[in-house]
Amino acid sequence: MTNLNAVDPAAVAQDAHLESADVVIGKNTIIFRRFMRNKTAVAGLAIFLALTVFSFVGGYFTEWDKQTIDPFNIGMPPSAEHYLGTSQAGIDLYAMTVEGTRISILIGLIVGLVSVLVAAVYGCTMAYFGGKVDKVMLFILEALIMMPALLVVAVATSGGGEGLRRDLPSWLLLIIVLLVFSWMGTARLIRSLSMSLMQRDFVKAAQYMGVPARRIVWRHLVPNIGSLLVLDITRGVTGAILAEVAFSFIGIGIKVPDVSLGVLIGGATSQVQTFPWMFWVPLTVMFLLTGSLAMMNDGLRDAFDPSSSSSGSAKKRIALKARVKGNAS
């Protein structure tokens, strides 16, 4: 008589083999694969990393610096001695481009990262406490949005900031001013997203369990808006670099002797016909820098898209093994 409840050792071994062969893909791995499959985004990342490396080690490939004057090569085009030519004052353009690129990248990275961090903490705090705390913090936020950023930058870096300009380099002062005015829009968006997260069961459960507010904000609210924060960082870096170039171009940003891409472009605008290399070299670097960040931002947006199907061949293997297991059963 056949025992219907008997276990077939061969079937058990086969199921165990299939289960052990399953590929479990983590979320971070899927996002990384989606990003790396986007050739445009990878090209943008490569360009940005190349410019960053150039800005930090490029000075070792020349004997000139941003302050040394070559009296025998004033206003000369690119040559073997001066790779990108010299300015009308006889200063090596290659050395100034390396310094200017480094300053612009530092401004972009610091402002982009810190402003998003401040916006995340501020917006999540508003959403968590609500009530009067939310109203007061929202009033402060609206007041900062209404302030004329251009006027404050002009006063801090040119008109009434004499004491600050004596104690701080102009690029650091510009970073401080940009940080004050670059986080409010992101904070409002994060507040609205966090208010919807406050209605989720896992946040309510954490509140009922007596988890401190700081821990709820950092462990439950901020990670759930991580994709938005990453995209805002790349946009913030791009916006900070463009703001530096714009402010320095009109004369209220970075001041000489400090050098940036905006300073180089602004100083060469009136001499495009006589010294074209002084204008086109920093302008090209700026386009490469902001363009690469834009390509990276597009790639990150597609990588974080949950509807994307570019998670790699492992996903296909999982689907195939699921069908095999279904047929075997």
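The basis for the numbers below is simple: all heavy atoms, side chains too, and nothing from hydrogens, waters or symmetry mates. A quick note: this is a predicted structure, and the numbers were derived from the prediction, not measured.
Note: the hydrophobic cluster containing V285 does not contain F61 (ILVMFWY, side chain heavy atoms under 4.5 Å, direct or indirect links). At a threshold of 4.5 Å between side-chain heavy atoms, the hydrophobic network of Ile, Leu, Val, Met, Phe, Trp and Tyr places F181 and I250 in one connected group. A continuous path of hydrophobic side-chain contacts links I145 to M126 [ILVMFWY only; heavy atoms under 4.5 Å]. Clustering ILVMFWY residues whenever any of their side-chain heavy atoms sit less than 4.5 angstrom apart, transitively, puts F139 in a cluster other than the one holding L144. When the side chains of ILVMFWY residues are joined at heavy-atom separations under 4.5 Å, either directly or via intervening members, L288 and F56 end up in two distinct hydrophobic clusters.
A donor-acceptor contact shorter than 3.5 Å is absent between the side chain of T290 and the backbone of T238. Using a distance-only test at 3.5 Å, with no hydrogens or angles considered, no donor-acceptor pair links the side chain of N73 to the main chain of M76. Proximity of a side-chain donor or acceptor of T234 to a complementary backbone N or O of L231 within less than 3.5 Å is detected.
Checked against side chain to side chain contact (heavy atoms under 4.5 Å, CB included), S79 has the following partners two or more places apart in sequence or in another chain: E81, H82. The side-chain hydrogen bond (donor to acceptor under 3.5 Å, both in side chains) search around Q207 returns none, not counting sequence neighbours. Not a single salt bridge (Lys or Arg N to Asp or Glu O under 4.0 Å) links D92 to another residue, sequence neighbours left out. In this structure, N224 has no side-chain hydrogen bond (donor to acceptor under 3.5 Å, both in side chains) partners at least two apart in sequence or on a different chain. In this view, R235 and D232 satisfy the side-chain hydrogen bond (donor to acceptor under 3.5 Å, both in side chains) rule, not counting sequence neighbours. The ring pair (Phe, Tyr, Trp, His ring centres under 6.0 Å) check on F54 picks up Y94, with sequence neighbours excluded. Residues passing the side-chain hydrogen bond (donor to acceptor under 3.5 Å, both in side chains) test with S194: none are found, sequence neighbours excluded. The salt bridge (Lys or Arg N to Asp or Glu O under 4.0 Å) search around D298 returns R301, not counting sequence neighbours.
With values rounded to the nearest 0.5 angstrom, I216 atom CD1 is found 12.5 Å from L197 atom CG. Rounding to the nearest 0.5 angstrom, the gap separating the CE atom in M36 from the CD1 atom in I31 is 14.5 Å. Between the OG atom of S292 and the CG atom of N297 there is a distance of 11.0 Å, given to the nearest 0.5 Å. Rounded to the nearest 0.5 angstrom, S115 OG and M184 CE are separated by 10.5 Å. Remark: L293 CG to I233 CD1 distance equals 12.0 Å, nearest 0.5 Å. To the nearest 0.5 angstrom, M96 atom CE is 11.5 Å from S260 atom OG.
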Hey, can you pull the donor-acceptor pairs under 3.5 Å for the side chains in residues 45-53, sequence neighbours left out?
from : atom 1 : to  : atom 2 : distance (Å)
T52  : OG1    : F48 : O      : 2.8

Compile the donor-acceptor pairs under 3.5 Å between side chains in residues 100-110 and protein atoms, sequence neighbours left out, one pair per line.
from : atom 1 : to   : atom 2 : distance (Å)
T101 : OG1    : T97  : O      : 2.7
R102 : NH1    : S55  : O      : 2.6
R102 : NH2    : E99  : OE1    : 2.1
S104 : OG     : G100 : O      : 3.1
S104 : OG     : E244 : OE1    : 3.0
S104 : OG     : L261 : N      : 3.4

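Screening V116, L141, V111 for a side chain to side chain contact (heavy atoms under 4.5 Å, CB included) involving W183 leaves a single residue, L141.
Heavy atoms only, all atoms of each residue included: W64 and A95 are closest at O-CB, 3.7 Å. Contact record, M137 with Y122: O-OH, 2.7 Å, taken as the closest heavy-atom pair. Here the closest non-hydrogen pair linking M198 and K204 is O-CG, 3.9 Å. Shown here for I265 and F279, the closest heavy-atom pair between the two residues is CG2-CE1, 3.9 Å. For the pair T86 and W277, the tightest heavy-atom approach, listed with the atom from each and the gap, is O-NE1, 3.0 Å. Across S248 and I254, no two heavy atoms sit closer than the pair OG-N, 3.1 Å.
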Go through the steps for S87 and L264 under the test side-chain contact (heavy atoms from CB on, under 4.5 Å), then give the verdict.
CA-CA 10 Å; S87 67; L264 294 176; over 6 Å; no
For the pair N38 and R34, evaluate side-chain contact (heavy atoms from CB on, under 4.5 Å) and give the outcome as yes or no after the intermediate values.
CA-CA 7 Å; N38 191 323; R34 289 173 180 168; over 6 Å; no
Go through L229 and V222 one step at a time and tell me if the side-chain contact (heavy atoms from CB on, under 4.5 Å) criterion holds.
CA-CA 9 Å; L229 298 182; V222 173; 3.8 Å; yes
Going through the distances and angles, do F247 and L178 end up as a side-chain contact (heavy atoms from CB on, under 4.5 Å)?
CA-CA 11 Å; F247 289 147; L178 291 177; 3.7 Å; yes
Go through it in stages, so that I can follow the logic: the residues are S170 and D258, the test is side-chain hydrogen bond (donor to acceptor under 3.5 Å, both in side chains), and I'd like the CA-CA distance, side-chain angles, deciding distance and then a yes or no.
CA-CA 7 Å; S170 58; D258 294 326; 2.7 Å; yes
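Counting non-hydrogen atoms of neighbouring residues, nucleotides and ligands closer than 6.0 angstrom, the CZ atom of F32 reaches no more than 12 such neighbours.
Taking the side chain as every heavy atom from C-beta outward, Q88 and Q271 approach each other to under 4.5 Å.
Every pair passing salt bridge (charged side-chain N to carboxylate O under 4.0 Å, His left out) that includes a residue from residues 131-149 is listed here, sequence neighbours excluded: D134-R191, E142-R188. Among residue pairs with one or both ends in residues 39-55, none qualify as salt bridge (charged side-chain N to carboxylate O under 4.0 Å, His left out); sequence neighbours excluded.
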